[in-house]
There are 2 protein chains.
Amino acid sequence: MKKIPHPRKEDLELCSVLSALSDPVRLSIVKELIGRGECNCSFFCGFSLAKSTMSHHFKVLRESGLIMTTIKGTEYIHSVRKDELDSMFPGVLDSVLKSYDKRSK
Amino acid sequence: MKKIPHPRKEDLELCSVLSALSDPVRLSIVKELIGRGECNCSFFCGFSLAKSTMSHHFKVLRESGLIMTTIKGTEYIHSVRKDELDSMFPGVLDSVLKSYDKRSK
DNA sequence: TTAATAGTTCTATGAATATCGAACTATAAT
DNA sequence: ATTATAGTTCGATATTCATAGAACTATTAA
């Protein structure tokens, strides 16, 4: 059984989180995950990006501490580490996602 | 008399702002500017980065809409476009700077 | 007019990043 | 055992980025 490593909450860095969020693809992934709770990757095919590219973005999100990934069978279930992020960087995720909702592009 | 171009408030993009803030050097510049109000560059020599490198970072901050620069004599005066940012992306700058204050690194 | 000051712009470089296709891994279904 | 599924990892590429030194520009001071 494979296990995926995640950074500890205390080790999360603000700059890494901001960097992860500064990519439009990743920002919309996070937005989607927040909206749907848990989610496997199949929902993100609308990006018309290669599987390996999506995998890369999920990895960046995971390593920055933004998301958690668990394996269920052949599926990878992702979820936003919302509580931990809120406790480390209060208000950051909420304000970013709120501004993202109002975006033009 | 030289004049520096700035993006219009309405054209600011969330991802560009986040990207600009995701660099440690630029984040600390913004922090310093918020703390001091207006400021010329001379205060940032503590970074031990080349003049041209600092100039690059100020340019990135300016083009993302985070700061405004005016020229007074031979000095360049920078200030954070706080009100405009707050109106476009409410809470983002405040929460980021607050988290930055509590950082370990 | 000449020199000093403050910062930009240009050019170069090494590192990081977004992207993809191909090969691989692990689980589930037949 | 074979095949299908879901996603990772690897290798390559093209782009962007952080950095620096050298040359340049604009203003002020002498």
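What you are looking at is a predicted structure, and each value in this text was computed from that prediction instead of being measured. Protein chains get the first letters and strands the later ones, always in sequence-line order, with residue 1 at the start of each. The figures that follow rest on heavy atoms only: side chains count, while hydrogens, waters and symmetry mates do not.
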I need the [atom1]-[atom2] distance between [X] and [N], as an integer number of Å.
| X | N | atom1 | atom2 | result |
| --- | --- | --- | --- | --- |
| B/E75 | D/dT25 | CD | P | 22 Å |
| A/K51 | C/dT25 | NZ | C1' | 11 Å |
| B/M54 | C/dG7 | CE | P | 10 Å |
| A/K72 | C/dA26 | NZ | C1' | 17 Å |
| A/H78 | D/dT8 | NE2 | C1' | 11 Å |
| B/I71 | D/dT28 | CD1 | C1' | 14 Å |
| A/L61 | D/dT8 | CG | P | 12 Å |
| A/K59 | C/dA18 | NZ | P | 13 Å |

Under 4.0 Å between a side-chain N or O of A/S55 and OP1 or OP2 of D/dT8?
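Result: yes.
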Ignoring backbone atoms, test whether A/R26 places a side-chain nitrogen or oxygen under 4.0 Å from the OP1 or OP2 oxygen of C/dT17.
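So the side chain of A/R26 is outside the cut-off, no N or O lying under 4.0 Å from OP1 or OP2 of C/dT17.
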Using heavy atoms to find the nearest nucleotide of DNA chain C for A/A50 and B/Y76 separately, return the residue whose nucleotide is more 5′.
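On the 5' side of the pair lies B/Y76.
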Name the residue closer to the 5' end of DNA chain C, choosing between A/V60 and A/G73 according to the nucleotide with the nearest heavy atom.
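Whichever sits nearer the 5' end wins; that is A/V60.
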Could you check whether any side-chain N or O of B/S19 sits under 3.5 Å from a backbone N or O of B/S16, counting only pairs where one atom can act as donor and the other as acceptor?
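Answer holds: no.
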Look up atom CG in A/L49 and atom NE2 in A/H56, then write down how far apart they are to the nearest 0.5 Å.
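If I round to the nearest 0.5 Å, the distance is 10.5 Å.
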Charged N to carboxylate O under 4.0 angstrom, B/D94 versus B/K98?
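No, no charged N to carboxylate O under 4.0 Å.
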Given the structure, check if the side chain of A/S52 and the base of C/dG21 hold any donor-acceptor pair shorter than 3.5 Å.
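Yes, a donor-acceptor pair under 3.5 Å.
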What are the two closest heavy atoms between B/K72 and B/I77, and how far apart are they?
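Where B/K72 meets B/I77 most closely, the heavy atoms are CB-CG1, 4.2 Å.
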Indicate the atoms forming the closest heavy-atom contact of B/F89 with B/E13, along with that distance.
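Taking B/F89 first and B/E13 second, the nearest heavy atoms are CZ-C, 3.8 Å.
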When we call it a touch if two heavy atoms are under 4.0 Å apart, what does A/H56 touch: a base, just sugar-phosphate, or nothing?
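Base contact - A/H56 has a heavy atom under 4.0 Å of at least one base atom.
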Closest to side chain of A/H57, choosing from D/dT8, D/dA6, C/dA18:
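For the A/H57 side chain, the nearest candidate turns out to be C/dA18.
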Return the 5'-most residue of the pair A/T53, A/T74 with respect to DNA chain D, ranking by each residue's nearest nucleotide.
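Between the two, 5'-proximity favours A/T74.
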